[in-house]
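Any value given below was found using the heavy atoms of this structure, including those in side chains, with hydrogens, waters and symmetry copies removed.
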Amino acid sequence: MTVMPGRAESYWMASTEATGYPALSEDIQVDVAVVGAGVVGVSTAWELAKAGRSVALLEADRIVANTTGYTTAKLTSLHTLIYSRLTADLGSEAARLYASSQQDAIEHVRDVVGQLGIDCDLETRPAYTYVTSEDGVDAVRAEAELALDAGLPAQFVTASTLPFPIAGAVRVDGQAQFHPRKYLLRLAADLVASGGQIFERTRVMGVEERDTCRVTTETGHTVTARDVVVATHYPVFDRGLLVTRLIPQRELVVAGVIAESDDPAGMFITQEDDTRSVRTAPLGGGRRLVIVTGEKFALGSSGVTDRLWKLVGWTRRTFDVEDITYHWAAQDNTSTDGVPFVGPLHLGAAHTWVAGGFGGWGMSNGVMASRLLTALITGVTPPPWAEFYTPKRVHLLAEAPAFVKNSAYVAKEFVAGRFRPSHVDGVDDVAPGQGAVLRVHGQRCAVYRDDDGKVHAVSATCTHLGCTVGFNDAERTWDCPCHGSRFDVDGNVLHGPAGSSLESRDVS
């Protein structure tokens, strides 16, 4: 197999130092425990500390190193054709609330950067949702009109600064892009300086809610808090059945060096060709890094490497790329009505809170969620979009088609995964660098052979709700198609909602 060009790592991760906060080593008591340290967790913990609350931020691995560390880091209110869909499904007021909440988040990031003097490559850029086919022009023209009605400075245009012609686009000026880890790691440092506590390598196994909440960790230590925020990307302590209202998806990213003179100086996205999203980042020395996202795929599906090569080819044909320097993948969950969940964790919750379902737009939505959760927890007057985002909402007509489709898909995978035939006959047929689900000694095993020929075998049953995992040949991971859990080849959890590892198997 041809070696994939570039480093298999996110640029955001590679260009910042690793963190080293301690693990929780004793029982503690705080006002608020925040579980999960991505954009939502770090931002919420920081906001709460600034509001005078004592805060403990708990992360299973390292902070800002999972989903947020692998984003494309656009700060924009233009999320493909969101305003057309919101207006059609929920009305013009819903579109207005969405637009104003996203714009508020962008401006808040600008304010925080100025307040703390954060060097995070924050750049103001126009955002475009474009089409290259005449068949899509009516849709983007309508989106421009509805985005303008929702309060954004939107316009329909027929040209852009991309190095190829377009048929039409929505353009919104005054949007932004930044380096998410530089921003959030500075917030984390300021959180600690303000008296907050951060604990890494501290996996939370349970949350008990009574008059006060009790958070239990893998090592047995506990955190007692009045309020708990579940900011784990997927609501891992799900008592509100949000699990049935979230659809996980993964998307590939490649990045390569271009001359600064070739920078299109904007943020661009199209839903054509299984999505193509473009932005750049400064490198210095007259160079920029062009970052291209696309090739969405369901977790557990095969052929991911082929998709990655397809994205590399598109990038090389489109831009005068000196070299492909990085490649990675991003993951997010989309709610069944297309609106994020931010608010109480379940119907009876008084002191447990959740945020998620950002549909691929986690930067602006993550900051929005942190501000909304802080208002709800501290008791100040919440913003006008509080009820719009609440997980307690029910939009039957808007949700039903996606809910039914997702439920049917999960049910099918739950059953079919147990009987799906393998593409190889036995362990000896698994090639180096490849994996397969096999029945060995009466058990379904996820078998991987590394480049040196060593076999790694674990249970093929996801520890979350029992679906059968599939092999991701590009990232060499075992991924669950039902709810998005991911494991390394030795079964260790990389991504929730699973909280425990896949058991090892003897396939000798």
Side-chain angles (χ1 to χ4, degrees), residues 30-49 51 53-58 90 94 97-98 101 104-105 204-216 223-247 332-359 362 365-396 398-399 403 483 496-497 499:
V30 291
D31 293 332
V32 187
V34 179
V35 184
V39 60
V40 176
V42 173
S43 299
T44 303
W46 184 81
E47 297 283 353
L48 287 165
R53 300 301 192 268
S54 60
V55 182
L57 178 61
L58 311 172
L90 304 175
L97 289 171
Y98 190 87
S101 67
D104 177 81
V204 173
M205 303 303 292
V207 175
E208 180 182 354
E209 180 183 7
R210 295 183 179 175
D211 291 337
T212 57
C213 299
R214 188 168 180 265
V215 176
T216 306
V223 179
T224 303
R226 181 179 184 275
D227 291 276
V228 175
V229 175
V230 178
T232 52
H233 186 246
Y234 200 99
V236 292
F237 313 109
D238 181 12
R239 292 173 54 195
L241 296 181
L242 295 182
V243 63
T244 64
R245 300 169 69 189
L246 290 171
I247 305 166
D332 208 348
N333 305 301
T334 301
S335 71
T336 45
D337 65 358
V339 177
F341 295 121
V342 185
L345 179 60
H346 56 88
L347 289 176
H351 297 288
T352 52
W353 312 88
V354 70
F358 299 146
N365 273 308
V367 174
M368 174 277 296
S370 72
R371 287 168 60 70
L372 175 51
L373 290 172
T374 299
L376 294 171
I377 290 169
T378 58
V380 304
T381 302
W385 44 82
E387 289 302 311
F388 174 65
Y389 288 112
T390 179
K392 296 181 180 181
R393 70 181 186 267
V394 178
H395 296 144
L396 288 177
E399 287 194 60
F403 178 85
H483 304 109

pair Pro391-Leu345: side-chain heavy atoms closer than 4.5 Å: no
Smallest separation among heavy atoms of Val55 and Ala45, with atom names: CG1-CB, 3.7 Å
Closest contact, heavy atoms only, Pro235 versus Leu246: CD-CD1, 3.4 Å
Working for side chain to side chain contact (heavy atoms under 4.5 Å, CB included), residues Leu90 and Val339: CA-CA 10 Å; Leu90 304 175; Val339 177; 3.9 Å; yes
Approximate separation, where rounding is to 0.5 Å, of Asp211 CG and Arg226 CZ: 10.0 Å
Rounded distance (nearest 0.5 Å) linking atom CG of Leu48 with atom OG of Ser54: 10.0 Å
Validation row: Thr212, Arg214 side chains within 4.5 angstrom (heavy atoms): no
Minimum-distance pair of heavy atoms, taken over all atoms of Leu372 and Ala386: CD1-CB, 3.7 Å
Parallel, tilted or perpendicular: rings of Tyr98 and Tyr389 (30°, 60°): tilted
Interatomic distance, His351 atom NE2 to Ile377 atom CD1 [nearest 0.5 angstrom]: 10.5 Å
Gap separating the CZ atom of Phe341 from the CZ atom of Arg393, nearest 0.5 angstrom: 4.5 Å
Separation between CD of Glu208 and OG1 of Thr352, rounded to the nearest 0.5 Å: 11.5 Å
Least distance between heavy atoms, Pro344 atom then Trp353 atom: N-CE3, 3.7 Å
Test side chain to side chain contact (heavy atoms under 4.5 Å, CB included) applied to Asp104 and Met368, step by step: CA-CA 7 Å; Asp104 177 81; Met368 174 277 296; over 6 Å; no
Expected output: side-chain Ser370 to main-chain Val367 donor-acceptor under 3.5 Å: yes
Closest non-hydrogen atom pair, Val40 against Ala231: CG1-CB, 3.7 Å
Contact summary for Val223 and Leu58, nearest pair of heavy atoms: CG2-CD1, 4.1 Å
Separation between CG of Leu376 and OG1 of Thr381, rounded to the nearest 0.5 Å: 11.0 Å
Test: Asp227 and Arg53 ion pair at under 4.0 Å: no
